[in-house]
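If you read the sequence from its start, that first residue is 1, and numbering goes on from there.
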Amino acid sequence: MRFDIVTIFPEFFEVLDISLLGKARANGVVEYSIHDLRDFTHDKHRTVDDTPYGGGAGMVMKPEPWGDAIDAFATDDTVVVVPSPAGEPFTQAMAREFAAAPRLLFACGRYEGIDQRVVDHFSTRMRVRAVSLGDYVLNGGEVAALAIIEAVARLVPGVVGNPESLVEESHEDGLLEYPSYTKPQEWRGLEVPPVLLSGNHAAIAAWRREQQVQRTRDVRPDLLPD
């Protein structure tokens, strides 16, 4: 799977060379290509932004460099992902959808965002998804892109060593994950729940399911059916 990332801060993505994502890149399981948007400008100042039509605070990223950059790296089967607080919420289901695509291109905007005509134009040629991590605003799309890339890449076969570890995670079945414990059996006066020491796999499975439902009810009741 290939990830193309267009940004004015290419150094932001050096972290892709560490941990599981770095190993996956070294092993050829995934490919990351980082591109500087300023390489697609055509003036001596390498300008990527201008004042907004209609007035208002801040600057808007110009369509010309974005159009040239996406033309250079996107293909018909590319999904263009635009991190934006105005996008649809990112979910585990969306991560799985993206993991099935052969190529993702991340358009990391800054300032007041990218000229809307970029999204409108490329939506006629390929899939374009504006995606939000949550109801808050970041300085740019880079942090959101990194989070989405990690969530997607770990679902690509060969990235996570034990694929069974992906099955019982939060949101995989619509619920939050159950709490986990390891050795020692007692720590600072707190004991591991006895059922986990029983060896009764059916009882353990039932307890974990109960914990999933209870945790979801306490923390994210919006995930439970009405």
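- Distance check: Ile18 CD1 to Leu16 CG gives 8.5 Å after rounding to the nearest 0.5 Å.
- Open room surrounds NE2 on His201; 12 or fewer heavy atoms of other groups in view lie less than 6.0 Å from it.
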Kindly indicate, with the supporting measurements, whether the criterion salt bridge (Lys or Arg N to Asp or Glu O under 4.0 Å) is fulfilled by Arg125 and Asp71.
CA-CA 11 Å; Arg125 297 171 45 188; Asp71 280 341; 2.9 Å; yes
Trace of the side-chain contact (heavy atoms from CB on, under 4.5 Å) decision for Tyr181 with Leu196
CA-CA 9 Å; Tyr181 301 85; Leu196 299 180; 3.5 Å; yes
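- Heavy atoms only, all atoms of each residue included: Pro184 and Val192 are closest at O-CG2, 4.0 Å.
- Heavy atoms only, all atoms of each residue included: Leu37 and Ala69 are closest at CD1-CB, 4.2 Å.
- Residue His35 holds its NE2 atom at 7.5 Å from CD1 of Ile5, rounded to the nearest 0.5 Å.
- Side-chain contact check for Leu155 versus Val160: every heavy-atom pair is 4.5 Å or farther apart.
- Residues Ile204 and Arg208 have side chains in contact (heavy-atom distance under 4.5 Å, counting atoms from C-beta outward).
- Grouping the Ile, Leu, Val, Met, Phe, Trp and Tyr side chains by contacts below 4.5 angstrom, directly or via other members, places Phe9 with Leu105.
- Taking each heavy atom of Ile8 and Asp36 in turn, the nearest pair found is CA-OD1, 4.0 Å.
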Chi angles and distances behind the side-chain contact (heavy atoms from CB on, under 4.5 Å) call for Val82, Val128:
CA-CA 7 Å; Val82 184; Val128 178; 4.2 Å; yes
Let's go through Glu142 and Arg110 carefully: what are the C-alpha distance in whole Å and the side-chain angles of both, what is the deciding distance for salt bridge (Lys or Arg N to Asp or Glu O under 4.0 Å) to 0.1 Å, and is it a yes or a no?
CA-CA 9 Å; Glu142 288 79 11; Arg110 282 263 154 179; 2.9 Å; yes
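- Judged by distance alone, with hydrogens and angles left aside, the side-chain atoms of Ser33 form no donor-acceptor pair with the main-chain N or O of Asp4 at under 3.5 Å.
- To the nearest 0.5 angstrom, Ile70 atom CD1 is 4.5 Å from Phe122 atom CZ.
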Going through the distances and angles, do Val80 and Val119 end up as a side-chain contact (heavy atoms from CB on, under 4.5 Å)?
CA-CA 9 Å; Val80 177; Val119 171; over 6 Å; no
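- In this structure, Leu104 and Met1 have side chains that are in contact, with non-hydrogen atoms separated by less than 4.5 Å.
- Tyr111 is not connected to Val60 by any chain of hydrophobic side-chain contacts under 4.5 Å among Ile, Leu, Val, Met, Phe, Trp and Tyr, and they are in different clusters.
- When all heavy atoms of Ala95 and Ala151 are compared, the closest pair comes out as CB-O, 4.1 Å.
- Closest non-hydrogen pair, Pro85 versus Tyr136, comes out as CB-O, 3.7 Å.
- A donor-acceptor contact shorter than 3.5 Å links the side chain of Arg103 to the backbone of Phe73.
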Tyr178 and Arg215: CA distance, side-chain angles, deciding distance, side-chain contact (heavy atoms from CB on, under 4.5 Å) verdict
CA-CA 7 Å; Tyr178 52 78; Arg215 176 178 275 184; 5.9 Å; no
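- Formation of a donor-acceptor pair under 3.5 Å by the Ser132 side chain with backbone atoms of Gly134 is found in this model.
- For the 3.5 Å distance criterion, the side chains of Arg217 and Gln214 qualify, holding a donor opposite an acceptor.
- Within 6.0 Å of CG on Asp77 lie more than 12 heavy atoms contributed by other residues, nucleotides or ligands.
- Looking at Asp43, its side chain does come within 3.5 Å of a backbone N or O of His45 through a donor-acceptor pair.
- In this structure, Val131 is a member of the same hydrophobic cluster as Phe12, with clusters built from ILVMFWY side-chain heavy atoms closer than 4.5 Å.
- Put simply, Leu175 and Trp207 are part of two different groups of oily side chains (I, L, V, M, F, W, Y) that touch within less than 4.5 Å, one to the next.
- More than 12 heavy atoms of other residues, nucleotides or ligands sit less than 6.0 Å from atom CG of Asp218.
- Connection of Val195 to Trp187 is not established within any shared hydrophobic cluster, with ILVMFWY side chains joined at heavy-atom distances below 4.5 Å, either directly or through further cluster members.
- Once rounded to the nearest 0.5 Å, the distance linking CD of Glu150 with CG of Leu20 reads 8.0 Å.
- In this structure, OG on Ser123 lies 8.0 Å from CD on Gln116, to the nearest 0.5 angstrom.
- Heavy-atom minimum distance, Ala24 versus Val159: CB-CG2, 3.8 Å.
- Phe90 has its side chain within reach of Ile148: a pair of non-hydrogen atoms, C-beta onward, lies under 4.5 Å apart.
- Atom NZ of residue Lys62 and atom CZ of residue Arg117 lie 9.5 Å apart, to the nearest 0.5 angstrom.
- Qualifying side-chain hydrogen bond (donor to acceptor under 3.5 Å, both in side chains) partners for Arg129, counting only residues two or more places apart in sequence or in other chains: Glu88, Glu97.
- Remark: side-chain polar atoms of Glu112 are not paired, donor with acceptor, to backbone N or O of Met59 under 3.5 angstrom.
- With sequence neighbours excluded, the residues that form a ring-ring contact (aromatic ring centres under 6.0 Å, His included) with Phe3 are Tyr32.
- Under the 4.5 Å side-chain criterion, counting only non-hydrogen atoms from C-beta, Asp39 is in contact with Arg46.
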